[in-house]
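Structure first, commentary second.
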Amino acid sequence: MTDFSNMKFEAEDGIYFSANINEVEMEFFLDISLLEDLTRKSRISNRGVALTLFHSLRSSIYIMCISAVKKNPNWAPDKSLPLLKEYLR
């Protein structure tokens, strides 16, 4: 399926991770509030819970990554590209 790496959970912030998009390893950021919206959870503050929920949505998150890259083609691969809810459409 999708290959995510370098996952870092920052409480009250979100999840920073790398994904391979078009043969390029890129950095992304998933805000914790967006993860809460996607999972319909009111508060996520535990690292284990956040990463479990992240993995349960991995195909949707990968689609969001692809959409983010398409809308921001000149984004530097080593700078975290924030994911937005609109990228899921």
Side-chain angles (χ1 to χ4, degrees):
M1 197 173 202
T2 58
D3 190 34
F4 297 118
S5 59
N6 303 321
M7 298 178 66
K8 295 174 220 135
F9 173 71
E10 300 287 333
E12 305 297 323
D13 198 13
I15 299 174
Y16 294 88
F17 64 97
S18 299
N20 190 317
I21 308 291
N22 298 326
E23 309 279 333
V24 177
E25 191 79 12
M26 296 192 68
E27 302 293 321
F28 294 92
F29 170 69
L30 177 63
D31 188 277
I32 196 71
S33 63
L34 180 54
L35 183 60
E36 290 168 348
D37 286 348
L38 292 172
T39 59
R40 296 188 178 113
K41 302 287 183 192
S42 60
R43 177 127 170 90
I44 301 170
S45 59
N46 179 286
R47 180 184 185 278
V49 170
L51 294 179
T52 298
L53 293 171
F54 180 94
H55 283 292
S56 72
L57 294 169
R58 62 188 303 125
S59 60
S60 297
I61 292 171
Y62 193 72
I63 289 168
M64 292 174 79
C65 292
I66 291 170
S67 295
V69 170
K70 283 182 182 177
K71 291 200 180 206
N72 301 280
N74 297 321
W75 197 276
D78 60 340
K79 184 179 176 197
S80 296
L81 178 57
L83 298 180
L84 305 174
K85 197 169 192 172
E86 69 187 50
Y87 295 153
L88 189 53
R89 297 179 189 162

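FYI, the numbering just counts along the sequence from 1.
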Check: Do side-chain atoms of Ser67 reach the backbone of Met64 as a donor and acceptor pair under 3.5 angstrom?
Finding: no
Item checked: From CG (Leu51) to CE (Met7), nearest 0.5 Å -> 4.5 Å
Next item on the list: Check side chain to side chain donor-acceptor pair (under 3.5 Å) between Glu86 and all other residues, then give those that pass, not counting sequence neighbours.
Entry: none
Notebook entry, point to check: Under 4.5 Å between side-chain heavy atoms, hopping through other hydrophobics if needed: is there a path connecting Leu84 to Leu53?
Noted result: yes
Note to self: Using the rule that Ile, Leu, Val, Met, Phe, Trp and Tyr join whenever any side-chain heavy atoms are under 4.5 Å apart, tell me whether Ile66 and Val69 fall into a single cluster.
What the structure shows: yes
Margin query: Once rounded to the nearest 0.5 Å, what's the spacing between atom CG of Leu34 and atom OG1 of Thr39?
Written below: 9.0 Å
Item checked: Sub-6.0 Å ring centroid separation between Phe17 and Phe54 -> yes
Would you be so kind as to tabulate the donor-acceptor pairs closer than 3.5 Å made by side chains of residues 20-31, with sequence neighbours excluded?
from, atom 1, to, atom 2, distance (Å)
Asn20, OD1, Glu23, N, 3.1
Asn20, OD1, Val24, N, 3.4
Glu25, OE2, Ser5, OG, 3.0
Glu27, OE1, Ser18, OG, 3.2
Glu27, OE2, Ser18, OG, 2.7
Asp31, OD1, Ser33, N, 2.7
Asp31, OD1, Ser33, OG, 2.4

Margin query: Is there a path of hydrophobic side-chain contacts, each under 4.5 Å between heavy atoms of I/L/V/M/F/W/Y residues, joining Ile61 to Tyr16?
Written below: no
Note to self: Working to the nearest 0.5 angstrom, can you tell me the gap between Leu83 CG and Leu35 CG?
What the structure shows: 10.5 Å
Check: Rounded to the nearest 0.5 Å, how far does OG of Ser42 lie from CG of Asp37?
Finding: 11.0 Å
Item checked: Distance (rounded to the nearest 0.5 Å) between Ile15 CD1 and Arg47 CZ -> 9.0 Å
Note to self: I need the full list of side chain to side chain donor-acceptor pair (under 3.5 Å) pairs touching residues 70-79, with sequence neighbours left out, sorted by first then second residue.
What the structure shows: Asn72-Tyr87
Check: Ile32 and Glu12: which non-hydrogen atoms are nearest, and at how many Å?
Finding: CG2-C, 4.2 Å
Check: Is Ile63 reachable from Leu81 through a run of I, L, V, M, F, W or Y residues, each pair having side-chain heavy atoms under 4.5 Å apart?
Finding: no
